[in-house]
Amino acid sequence: MMRSTFSRRNLIKAMGAATLAPVLPQLAAAGQDAPKPWWLGNGMPQESVTTPKIACAIDVRNGVADEAIRNVVQIGVCHVLSNGPAIPWAANQLQPIVDKLKAGGVRLGNLMITGFPNVVYGRPGRDDEIDKIRQSIQAAGHVGLPVVEYNFYAHRAMEGYFEETGRGGAGLTGVDYERMKDLPPLPQEGAHALDEMWANISYFLKAVIPVAEKANVRLALHPNDPPFPRSRGSQQIMATVAGWKHLIEIVDSPANGITFDCGVTMEMGEDPVEVCRYFGSRDRINHMHYRNPHVTVPYLKYDEGFIDEGDVNMFAVMRELIKLKYSREVYPEHPRAIDYDRERGSIRGYPGGGGYAGDLYDIAYAKAMLQAALIVERTR
């Protein structure tokens with residue numbers, strides 16, 4: 001009796017050969033050496049100047065600790081982001097941070113700028129705040145910081161967050177509009193209509209984008225998250241994809257872009273790949289957040305679970321970023337609360353949020369998605 005040659009290993013080889021079959025004759029006809037299949041020793045692809053950069057957050061506001069650098073380099077990350085210091089930033093304040101990170105093999109790719117409520121609400125004093133933001137952008141450009149991220153919430157509806165229990169007792173972040181939809185405006189914020197908020201951000205963008213262009217710095221506006229329709233009496237300009245599209249039309253410049261968040265996109269019931277393609281093809285994705293919610297009711301109810309369990313096709317999103325030649329940071333944010341971090345007291349942030357070990361899980365997943373997508377792309 002003839003012995004069968006079928007095996008899982010042979011099947012995988014055959015599948016790989018079938019993938020390359022249309023490509024190899026074309027290369028030979030062009031007089032090029034056919035590349036070795038990836039399973040025969042080309043190795044795993046790595047990040048380069050033309051690929052997305054997996055990033056994680058560290059706090060640089062009080063300097064950079066050697067331990068913080070080791071913690072990211074040891075897990076294969078060489079791009080970081082952070083909240084920024086109080087405005088206005090100065091070049092001589094940022095340069096030691098950039099230099100310390102660079103000496104450790106790490107690049108600072110994004111600082112979050114905050115502290116301008118009068119700009120957000122259109123109050124007296126906003127021109128002074130805008131001047132401080134201009135100075136900060138110029139300082140960022142001087143030290144080679146490529147992206148400055150910001151929020152423009154009338155109110156961030158974190159009262160809708162609560163902790164849920166996930167696999168093995170891990171903490172997940174539940175989000176439900178019913179928990180906060182009837183809350184009144186806060187005295188320090190007030191209630192703001194949509195037209196008012198659009199007028200305020202238009203005033204801001206027209207004042208700062210020319211400075212950003214000259215400094216070679218890109219601004220990235222994070223979408224409203226949660227994307228509830230109304231938050232303590234105020235409407236939100238970045239709570240719909242239509243709002244994201246309108247934002248980049250106010251001042252038509254690569255310096256006026258968004259933080260594309262595939263998780264928030266899914267929270268709104270939109271297609272993350274399609275939305276990624278829209279903004280990426282226009283070169284308006286200046287930063288990227290990579291997470292994966294499970295949505296019960298778009299805009300209103302969902303949970304932020306593990307990155308491998310939600311409704312987003314994370315591999316398809318990564319492939320789209322590569323097709324678009326997106327080369328800035330991808331931040332796998334919002335880690336889950338697992339016992340390892342709980343036992344060490346490293347849980348941080350919002351209900352169901354995690355710590356360093358949770359970050360490690362998300363980063364490893366994102367790096368695997370990146371490498372898999374690069375392998376597919378180079379064998380097309």
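All values below were derived from every heavy atom in this structure, side-chain atoms included, with hydrogens, water molecules and symmetry-related copies excluded. Residues: numbered from 1 along the sequence shown.
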Candidate list I137, V147, N256, test side-chain contact (heavy atoms from CB on, under 4.5 Å), partner L219, passing option:
I137

Any heavy-atom pair between the side chains of M369 and R319 that's under 4.5 Å?
no

Distance col, row I54:CD1 vs Q371:CD, nearest 0.5 angstrom, shows 9.5 Å

Paired with C262, the side-chain contact (heavy atoms from CB on, under 4.5 Å) test is passed by just one of M288, E320, E270, namely M288

Row check, Y361 ring normal vs R336 NZ/CZ: under 6.0 Å, within 45°
no

Those residues at least two apart in sequence (or on a different chain) that pass ring-ring contact (aromatic ring centres under 6.0 Å, His included) with Y331 are H289

H79: which residues meet the ring-ring contact (aromatic ring centres under 6.0 Å, His included) condition with it, sequence neighbours left out?
none

With ring pair (Phe, Tyr, Trp, His ring centres under 6.0 Å) as the rule and sequence neighbours excluded, what pairs involving residues 103-129 come up?
F116-F204, Y121-H192

Kindly indicate whether the side chain of M238, heavy atoms from C-beta on, has any atom under 4.5 Å from the side chain of I201.
no

Do you reckon L205 sits in the same ILVMFWY cluster as I130, going by side-chain contacts under 4.5 Å, direct or chained?
yes

Same hydrophobic cluster for V275 and I322, using side-chain heavy-atom links shorter than 4.5 Å among ILVMFWY?
yes

Pair listing, ring pair (Phe, Tyr, Trp, His ring centres under 6.0 Å) test, anchored in residues 229-265, at least two apart:
W198-H246

Results of side chain to side chain contact (heavy atoms under 4.5 Å, CB included) for D128 - residues two or more places apart only
K132

On a heavy-atom basis, the closest approach of W89 and M112 is CZ2-O, 3.8 Å

Only counting residues at least two apart or in another chain, list the ones meeting side chain to side chain contact (heavy atoms under 4.5 Å, CB included) with D362.
I307, P332, P335

